[in-house]
Amino acid sequence: MDEADERFMREALVLADQAEALGEVPVGAVAVHEGVIVGCGSNRRETDRDPFAHAEMRAMSEAARELGRWRLSGVSLFVTLEPCAMCVGAMILARIDRVAFGAGSPKAGALGGLVDLNALPHNHRLEVRQGVLEAECAERLTRFFQGLRTPEG
């Protein structure tokens, strides 16, 4: 395990916990440029009533504001759950260099879980690393969804 990947994924897990505290699906993301976090995001779709308020989208938006540009070349994104098609599409269009994710998403993941948008012919390709702190990322999601299924959840 790459030490920096683990460190940044732990930051994303803190954001996932913040999302869960709001009753959101516990997903967190951090955008990193030259070893410095330049954008953070946690899921806020229910809280903000916004279909675009995914952790990754929020982290990329904050990174763009911080860096003063929409092209996010040189940026790596760390996210606790495999990104969906919307988020992967945004990463490709924003020219994100690299994405590392924790838990896979066989029902909605767009980096190999359900589909692999990165494999399509386009002018930018993401470097992808999967399974970073996978057990810790998956545990939060499992706990959250089990809580929804219990009578007191």
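Fair warning: this is a prediction, and the values are worked out from it, not measured in the lab.
Residues Leu111 and Glu82 share a closest heavy-atom pair of N-OE2, 2.9 Å. Residue Cys137 comes nearest to Gly102 through the heavy atom pair SG-CA, 3.8 Å, listed as atom of the first residue, atom of the second, then distance. In terms of heavy-atom proximity, Glu56 sits nearest to Leu81 at OE2-O, 4.0 Å. Summarising the geometry of Asp17 relative to Arg140, their closest heavy-atom pair is OD1-NE, 2.6 Å, with the distance given to 0.1 Å. Here the shortest heavy-atom pairing between Ala29 and Ala59 reads O-CB, 3.8 Å. Across Pro26 and Thr80, no two heavy atoms sit closer than the pair O-OG1, 3.9 Å.
Between the Glu62 side chain and the Gly41 main chain, no donor and acceptor come within less than 3.5 Å of each other. Checked by atom type and distance alone, the side chain of Gln130 never pairs as donor or acceptor with a backbone atom of Gly104 at under 3.5 Å. In this structure a side-chain-to-backbone donor-acceptor pair under 3.5 Å is missing from Arg58 to Ala53. Checking side-chain atoms of Asn43 against main-chain N and O of Val25 turns up a donor-acceptor pair under 3.5 Å. Looking only at distances, a side-chain donor or acceptor of His124 sits under 3.5 Å from a matching main-chain atom of Ile96. Within the 3.5 Å criterion, the main-chain N or O of Arg125 finds no donor-acceptor partner in the side chain of Asn118. Panel note: side chain Arg69, backbone Arg71; a donor-acceptor pair is recorded below 3.5 Å.
You'll find the side chain of Arg44 stays beyond 4.5 Å of the side chain of Asp50, heavy atoms only. At a threshold of 4.5 Å between non-hydrogen side-chain atoms, the residues Gln18 and Val14 count as touching. Here the side chains of Met86 and Phe52 are in contact, with some heavy-atom distance below 4.5 Å. Considering only heavy atoms from C-beta on, Asp2 comes within 4.5 Å of Arg129 through its side chain. Inter-residue side-chain proximity for Pro83 and Met91 is flagged as met; some heavy-atom pair is nearer than 4.5 Å. With contacts defined as side-chain heavy-atom distances shorter than 4.5 Å, the pair Glu127/Asp97 does not qualify. Using a 4.5 Å heavy-atom cutoff, the side chains of Glu66 and His33 are not in contact. Between Leu67 and Val75 the shortest side-chain heavy-atom distance falls below 4.5 Å.
Here Cys84 contributes atom SG and His54 contributes atom NE2; the two are 4.5 Å apart, rounded to the nearest 0.5 Å. Between the CD atom of Glu136 and the CE atom of Met9 there is a distance of 10.0 Å, given to the nearest 0.5 Å. Distance check, rounded to the nearest 0.5 Å: CZ of Arg98 to CG of Leu77 gives 10.5 Å. We find the CZ-CG distance between Phe78 and Leu15 to be 13.0 Å, quoted to the nearest 0.5 Å.
Under a 4.0 Å N-O distance rule, the pair Arg7/Glu3 does not qualify as a salt bridge.
No path of Ile, Leu, Val, Met, Phe, Trp and Tyr side chains, each step under 4.5 Å between heavy atoms, connects Leu117 with Leu93, placing them in separate hydrophobic clusters. If you chain together hydrophobic residues whose side chains sit under 4.5 Å apart, Met57 and Leu22 never meet in one group. Note on Val88: it does not cluster hydrophobically with Trp70, by side-chain heavy-atom contacts below 4.5 Å among ILVMFWY residues.
Residue-environment remark: CZ (Arg45) stays at or below the threshold of 12 foreign heavy atoms within 6.0 Å.
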